[in-house]
Amino acid sequence: MDDEKRAQLKHKFEQARQKERIDANIARATEERGIVVFITGNGKGKTTSAFGMMMRSLGYGHKVGLVQFVKGKQQSGEELFIRENHPEIPFYQMGTGFTWDTQDRAGDIAAAEKTWAFAETLLKDETLRLVVLDELTYMIGFKYLDEQKIIDAIKNRPVEQSVVITGRGGGTALRELADTVSEIESVKHAYESGVKARAGVDY
Ligand code: ATP
Ligand code: MG
């Protein structure tokens with residue numbers, strides 16, 4: 001047998017073994033329930049991943065909800081798209097209520113609490129199949145919101161509801177609670193070589 005044939009046979013054998021493993025895993029995954037997905041790490045792609053899942057969900061006609069724990073009144077393409085094309089989506093941005101610049105901790109906590117109260121209504125709504133809590137981790141990190149309250153509300157959500165959480169950090173309780181955790185590593189970012197943030201790519 002020449003080298004080429006041997007390599008082909010080896011490849012075929014390895015592919016068959018891999019297919020067996022994948023099929024076994026698929027057969028084992030039989031539970032039907034909503035999941036918690038946590039997208040974290042320093043690399044770019046956390047919020048955009050959450051919006052990718054939202055688009056998937058909408059594609060199936062599912063109802064979705066969105067809360068952004070973001071500072072300031074920063075515009076984003078996803079916000080423009082939702083407000084223009086999906087005004088029916090329950091959507092709350094902490095935005096203007098938040099005052100990092102003035103260092104008004106009491107004011108920030110009040111804004112975070114108000115935003116969380118909206119998030120809680122989504123986490124109780126059985127009609128929602130997907131709830132995105134964008135940049136939630138910072139509220140836990142700054143101790144603006146009670147971690148246990150967040151964990152309990154997510155745990156007690158409707159069975160069919162999935163939740164996507166984004167942000168750096170987040171702590172061990174959130175990692176343990178989540179069914180899927182992805183940590184995006186930054187290899188490099190255009191910003192570091194002096195390229196300005198771009199509409200439609202960065203915001
Ligand atoms: P995106 O919204 O693009 O998915 P993200 O949610 O992962 O990014 P955030 O920490 O929320 O990241 O920051 C959002 C903004 O910061 C975006 O404009 C993004 O391009 C930029 N950004 C993300 N990661 C980095 C990085 N490692 N270095 C510099 N800028 C970054
Ligand atoms: Mg983000």
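Everything quoted here is computed from the prediction, not taken from an experiment. Counting convention: from 1, in listed order, for ligands and their atoms alike.
By the 4.0 Å heavy-atom criterion, Thr166 is excluded from the residues contacting ligand 1. For Gly45, the heavy-atom gap to ligand 1 drops under 4.0 angstrom. At least one heavy atom of Tyr191 sits closer than 4.0 Å to an atom of ligand 1.
Nearest protein heavy-atom contact of atom 2 (O) of ligand 1 is Thr47 CB, 3.4 Å. Atom 4 (O) of ligand 1 has its closest protein heavy atom at Thr48 OG1, 2.7 Å. The closest protein non-hydrogen atom to atom 22 (N) of ligand 1 is His189 NE2, 3.4 Å. Given atom 20 (O) of ligand 1, the protein heavy atom at minimum distance is Asp202 OD1, 2.4 Å. Looking from atom 12 (O) of ligand 1 to the surrounding protein, the closest heavy atom is Lys46 NZ, 3.4 Å. Asn42 O, 3.0 Å is the protein heavy atom nearest to atom 27 (N) of ligand 1. Here the heavy atom of the protein found nearest to atom 11 (O) of ligand 1 is Glu135 OE2, 2.9 Å.
Nearest-heavy-atom check against atom 9 (P) of ligand 1 across Lys44, Glu78, Arg168 picks out Arg168.
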| query | Taking it one step at a time, do Lys114 and Tyr92 satisfy side chain to side chain contact (heavy atoms under 4.5 Å, CB included)? | reply | CA-CA 10 Å; Lys114 207 172 152 194; Tyr92 191 94; 3.6 Å; yes

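Contacts of Ala197 with ligand 1, taken as heavy-atom pairs under 4.0 Å, are absent altogether.
Hydrophobic clustering, with ILVMFWY side chains joined whenever heavy atoms are under 4.5 angstrom apart, keeps Val67 apart from Val64. Neither Met54 nor Ile154 shares a network with the other; the hydrophobic side chains, linked directly or stepwise wherever heavy atoms of I, L, V, M, F, W or Y lie under 4.5 Å apart, form separate groups for each. Connection of Leu130 to Leu133 is not established within any shared hydrophobic cluster, with ILVMFWY side chains joined at heavy-atom distances below 4.5 Å, either directly or through further cluster members.
For atom 17 (C) of ligand 1, the nearest protein heavy atom lies under 4.0 Å away. Less than 4.0 angstrom separates atom 24 (N) of ligand 1 from at least one non-hydrogen atom of the protein.
A donor-acceptor contact shorter than 3.5 Å links the side chain of Gln161 to the backbone of Asp125. No donor-acceptor distance shorter than 3.5 angstrom exists from the side chain of Arg157 to the backbone of Asp152, with no hydrogens or angles considered.
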Run the side-chain donor-acceptor check on residues 23-30: report pairs under 3.5 Å with partners two or more places apart or on a different chain.
| unit_1 | atom_1 | unit_2 | atom_2 | d |
| --- | --- | --- | --- | --- |
| Asp23 | OD2 | Lys19 | NZ | 2.7 |
| Asn25 | OD1 | Arg28 | NH1 | 2.9 |

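In this structure, Tyr138 and Phe142 have tilted ring planes: the angle between them lies in the 30° to 60° band.
Comment: Asp134 does not engage Lys46 in a salt bridge, judged by the lack of any side-chain N to carboxylate O separation of less than 4.0 angstrom. Checked for salt-bridge contact, Glu120 and Lys124 miss the test: no charged N lies under 4.0 Å from a carboxylate O. Under 4.0 Å is where a charged nitrogen must lie from a carboxylate oxygen, and between Lys5 and Asp2 no such pair does.
In this structure, Phe118 and Phe91 approach most closely via the heavy-atom pair CZ-N, 3.8 Å.
Protein N/O/S atoms closer than 2.8 Å to the Mg ion (ligand 2), listed by chain and residue number, are Thr47 OG1, Glu135 OE2.
Legend: residues meeting salt bridge (charged side-chain N to carboxylate O under 4.0 Å, His left out) with Glu79, ordered by chain and number and at least two apart, are Lys73, Arg83. Not counting sequence neighbours, the partners of Arg175 by the salt bridge (charged side-chain N to carboxylate O under 4.0 Å, His left out) test are Glu183.
Residue Ser186 has at least one heavy-atom neighbour below 4.0 Å for each of these atoms of ligand 1: 27 (N). Close approach to Gly43 involves these atoms of ligand 1, each under 4.0 Å from a residue heavy atom: 7 (O), 24 (N).
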